[in-house]
Amino acid sequence: MEPKGVRRISDRWMGEPVEVIHHIQQGGVLSVGPTAGVLEESDDTGILLSITDPQRGSVEHRFFPWSSVITMAASVG
């Protein structure tokens with residue numbers, strides 16, 4: 001349990017653009033790839049990103065369990 005008043009770094013980035021480097025499994029092959037989006041939620045199970053598809057103009061919500069996340073960085077610029 002975290003001390004009162006202490007926030008996880010992922011919680012500080014809520015509502016901000018981030019890039020997540022994560023495991024991807026396709027066709028039985030495990031690889032690594034990036035996904036950029038806005039951090040919507042973060043809890044003990046993982047993170048939820050809003051990802052905008054520029055070609056369609058639609059927004060998709062994608063959940064990443066912590067076990068698949070390698071790194072997460074706040075987007076700069």
Side-chain angles (χ1 to χ4, degrees):
M1 179 176 231
E2 295 177 357
K4 189 174 183 172
V6 174
R7 291 182 3 184
R8 295 179 298 190
I9 290 171
S10 58
D11 292 340
R12 293 182 213 157
W13 292 345
M14 210 72 66
E16 300 292 327
V18 297
E19 181 177 67
V20 176
I21 306 298
H22 56 92
H23 295 288
I24 302 168
Q25 186 166 356
Q26 291 179 323
V29 176
L30 186 62
S31 61
V32 174
T35 299
V38 174
L39 181 60
E40 296 293 337
E41 296 286 335
S42 171
D43 67 14
D44 293 339
T45 62
I47 58 175
L48 180 69
L49 296 186
S50 287
I51 302 163
T52 302
D53 183 335
Q55 295 176 340
R56 294 185 195 159
S58 62
V59 176
E60 169 183 296
H61 289 95
R62 193 175 300 169
F63 175 76
F64 295 90
W66 285 121
S67 61
S68 72
V69 175
I70 298 169
T71 63
M72 180 171 60
S75 296
V76 181

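Model, not experiment: these values are computed from the prediction.
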Which one of I47, T45, L48 satisfies the side-chain contact (heavy atoms from CB on, under 4.5 Å) criterion with F64?
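That would be I47.
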Around atom CD of Q25, are there more than 12 heavy atoms from other residues, nucleotides or ligands closer than 6.0 Å?
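Atom CD in Q25 is packed in, count exceeds 12.
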Considering all heavy atoms, the nearest S50-V59 contact:
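For S50 and V59, the tightest heavy-atom pair comes out as CB-CG1, 4.0 Å.
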Over all heavy atoms of both residues, which pair between E40 and H61 is shortest? Give the atoms and the distance, please.
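Residues E40 and H61, closest heavy atoms: CG-CD2, 4.3 Å.
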Determine, stepwise, if the pair V20 / L49 fulfils side chain to side chain contact (heavy atoms under 4.5 Å, CB included).
CA-CA 9 Å; V20 176; L49 296 186; 3.8 Å; yes
Test side chain to side chain contact (heavy atoms under 4.5 Å, CB included) applied to L30 and I24, step by step:
CA-CA 6 Å; L30 186 62; I24 302 168; over 6 Å; no
How about V32 and I21: do any of their side-chain heavy atoms sit closer than 4.5 Å?
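In contact.
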So, H23 versus S31: side-chain donor-acceptor pair below 3.5 Å or not?
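Per modelled atom types, H23 and S31 side chains form no pair under 3.5 Å.
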Contacts table for residues 66-73: side-chain donor-acceptor under 3.5 angstrom, sequence neighbours left out:
from, atom 1, to, atom 2, distance (Å)
W66, NE1, D43, O, 2.7
S68, OG, P65, O, 2.9

Atom NE2 of H22 and atom OG1 of T35: how far apart are they, to the nearest 0.5 Å?
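Here the rounded value is 2.5 Å.
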Is I51 linked to W13 within one hydrophobic cluster, defined over Ile, Leu, Val, Met, Phe, Trp and Tyr using a side-chain heavy-atom separation of less than 4.5 Å?
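Result: yes, single cluster for both.
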